[in-house]
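Below is one structure, written out as structure tokens, with a few remarks after it.
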Protein chains: 2
Amino acid sequence: MDAGMGPPPVTGAARRDSTASILAAAERIFSRRGFEGARMADIAAEAGLPKANLHYYFGTKDRLYRAVLEDIIRQWLDTAAHWIVPERAPAEALAGYVRAKLADARIRPGASRIFAGEVLRGAPLLMPFLVDELRRRVAAMAAVIEGWAARGLMDGVAPAHLFFCIWAMTQTYADFDVQVRAVLGPEAGEDSVFAAAEATVTRLVLRGCGVRDSVTEMS
Amino acid sequence: MDAGMGPPPVTGAARRDSTASILAAAERIFSRRGFEGARMADIAAEAGLPKANLHYYFGTKDRLYRAVLEDIIRQWLDTAAHWIVPERAPAEALAGYVRAKLADARIRPGASRIFAGEVLRGAPLLMPFLVDELRRRVAAMAAVIEGWAARGLMDGVAPAHLFFCIWAMTQTYADFDVQVRAVLGPEAGEDSVFAAAEATVTRLVLRGCGVRDSVTEMS
DNA sequence: ACCGAATCTGACCGAATGGTCAAGATTCCC
DNA sequence: GGGAATCTTGACCATTCGGTCAGATTCGGT
């Protein structure tokens, strides 16, 4: 992440507003069209600014994309670090993590979609992050899981795969939202969809891991 | 699916070879670059044919993409129709379906990635399919699940969401293969990765659904 | 009020890309 | 064997798109 620097390295006032609205617009456009499909002109229009303005602040399309990604990664890691800690009980931690990830998927689906698109393409930009930071984080989280298993609080499952599954199930509600809506039909409201999603995912995770003291005995 | 027709509506001999290698090349290129990112010239090079040849057989990039997608959808539906049937026991059906989907993800990851990319973009081409065919299929599969639940063979879970979760978990091993490999490291071989994946996903699904007579009592 | 720095913007490129075409090569069928 | 349909291909084009730039315009400090 972070390569070189844009035009002026100083801080400004209007800078904040412009960059913020550009980033927001970029997240919206990139999330639906992907990096290649997104047009700088469209992002500019979405942000209500002339195209040259984007280049003034971010230099190139590539750097703008990186900036968006960086923001996404930060939140991604924060959520995990908040929930998957040894102090919590497995039931609370895993259910909380699932709930938080689903909330992200609902509130900020574009972020999840951009991340997905990046990894789909082979993670040309994120590869260093995946191999270094993410790998370390997962190792740490795996240790937490194994600690719980060792204390008899849950079954022994392959920790990394458990996380792959949790990420897949939760993020699918952002990445494949169109499919979810199409299948469930228009009569299914957002609230009920996400309520059912949380119940289902939580159930699969908690029961699948044999978590004792299952908070969600039924749903 | 299927819109209009290519240049000549007749059958040919060399036609088969060329179209086949073009489709294979297209699947490889589209799967990593997405529709917008894929270059007709690259697909041509991958297929070992001049670019004009692709246009001779498929007319436009759009029609070539549709042809690839159509093929993918067919397999997608076949697998589901094969496993999720009332005659089978839930344990066998669900485990078999998971195994088959994971095999697809391993053997033909490009197909899954193309499908994912299409849905990520809002399914501009697949929307009709999602709303009509897929919705009907899921309704049928949901009826099977509910039948099993009614017979006391498994718990009552929201069937559509169960499938969303199964698709997410299995396809993530194709779509996010790069992330999986990066996190698990190079020392993890294909075989062991997919073995662990199958064990984990199957466990989450079967235990999560409270399937009786669980074939996989432990792993 | 004044001045330099920061910000903004319309007009303008060059490269890349999907698509075309007409002429040449090959295959098929009688 | 011969002619027509099918197939192949290099050269070419129009458009689109990321990026540039020089000239306004506004902002911040004194």
Side-chain angles (χ1 to χ4, degrees), chain A residues 3-30 32-69 117 121 124-125, chain B residues 3-30 32-69 117 121 124-125:
Chain A
M5 202 42 232
V10 277
T11 70
R15 194 179 198 75
R16 281 195 107 75
D17 299 336
S18 288
T19 54
S21 68
I22 291 171
L23 283 172
E27 184 170 311
R28 256 168 281 150
I29 300 292
F30 278 134
R32 276 297 186 207
R33 320 257 179 101
F35 177 77
E36 305 273 0
R39 302 290 159 235
M40 290 299 273
D42 292 342
I43 297 176
E46 178 84 7
L49 293 169
K51 189 180 56 144
N53 200 303
L54 313 205
H55 284 100
Y56 174 72
Y57 282 115
F58 292 93
T60 68
K61 185 185 183 182
D62 196 79
R63 272 217 284 281
L64 173 55
Y65 181 68
R66 280 172 197 266
V68 175
L69 260 185
R121 292 191 324 172
L125 291 168
Chain B
M5 204 42 235
V10 277
T11 69
R15 194 179 199 76
R16 279 195 107 76
D17 298 337
S18 288
T19 54
S21 69
I22 292 171
L23 283 172
E27 184 169 310
R28 257 169 281 149
I29 300 293
F30 278 134
R32 274 299 185 207
R33 322 259 178 97
F35 177 77
E36 305 272 359
R39 302 290 161 232
M40 288 300 272
D42 293 342
I43 297 176
E46 179 85 8
L49 293 169
K51 189 180 57 144
N53 200 300
L54 314 204
H55 284 99
Y56 174 70
Y57 282 115
F58 293 93
T60 69
K61 185 185 185 183
D62 195 81
R63 272 218 284 283
L64 173 55
Y65 181 69
R66 280 172 197 265
V68 175
L69 260 185
R121 292 188 327 170
L125 292 168

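Letters A, B, ... are given to chains in the order of the sequence lines, protein chains preceding strands, and every chain is numbered from 1. Small disclaimer: the values here were computed from a predicted structure and weren't measured.
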Subject >> Validation row: B:K51, B:R39 side chains within 4.5 angstrom (heavy atoms) >> reply: no
Original post:
Quick one: B:H55 NE2 to D:dC7 P, roughly how many Å, whole number?
Top reply: 17 Å
**OP:** Would you indicate, yes or no, if D:dC7 has its OP1 or OP2 atom less than 4.0 angstrom from a side-chain nitrogen or oxygen of B:R15?
**Re:** yes
**OP:** Using a cut-off of strictly less than 4.0 Å, decide whether B:S18 has a side-chain nitrogen or oxygen near OP1 or OP2 of D:dC7.
**Re:** no
**OP:** Looking at every strand, decide which applies to B:A38 at a 4.0 Å heavy-atom threshold: base, sugar-phosphate, or nothing.
**Re:** sugar-phosphate
Original post:
B:R16 CZ to D:dC7 P: how many Å, rounded?
Top reply: 12 Å
Subject >> From CG (B:L69) to CZ (B:F30), nearest 0.5 Å >> reply: 9.0 Å
Subject >> Nearest-nucleotide 5' precedence on DNA chain D, A:M40 against B:L49 >> reply: B:L49
Original post:
Whom does C:dA1 pair with, Watson-Crick or G-U wobble, provided both distances fall under 3.5 Å?
Top reply: D:dT30
**OP:** Specify the residue among B:G48 and B:K51 whose closest nucleotide of DNA chain D lies further upstream toward the 5′ end.
**Re:** B:G48
Original post:
Got a second to check how far A:L125's CG is from A:D62's CG, nearest 0.5 Å?
Top reply: 5.5 Å
**OP:** Figure out the CG/P separation between A:D42 and D:dG19, and round it to whole Å.
**Re:** 14 Å
Subject >> Nearest-Å distance for atom pair CG/C1', residues A:N53 and D:dT26 >> reply: 13 Å
**OP:** Begin from the C-alpha positions of B:L49 and B:I43 and carry the test side-chain contact (heavy atoms from CB on, under 4.5 Å) through to its verdict.
**Re:** CA-CA 9 Å; B:L49 293 169; B:I43 297 176; over 6 Å; no
Original post:
Does C:dA16 have OP1 or OP2 sitting under 4.0 Å from an N or O in the side chain of B:R39?
Top reply: no
**OP:** Verify side-chain contact (heavy atoms from CB on, under 4.5 Å) between B:F58 and B:R66, making sure each step is shown before the conclusion.
**Re:** CA-CA 10 Å; B:F58 293 93; B:R66 280 172 197 265; over 6 Å; no
Original post:
To the nearest angstrom, how far is B:K61 atom NZ from C:dA16 atom P?
Top reply: 16 Å
**OP:** Measure the distance from CG on B:L54 to C1' on C:dG18 and round it to the nearest whole Å.
**Re:** 11 Å
Original post:
So does A:Y56 get a side-chain nitrogen or oxygen closer than 4.0 Å to the phosphate oxygens (OP1/OP2) of C:dT7?
Top reply: yes
Original post:
Roughly how many Å is it from CZ in A:F58 to P in D:dG18, rounded to a whole number?
Top reply: 16 Å
Subject >> Atom-to-atom span, CZ of B:R33 to P of C:dT17 - whole angstrom >> reply: 10 Å
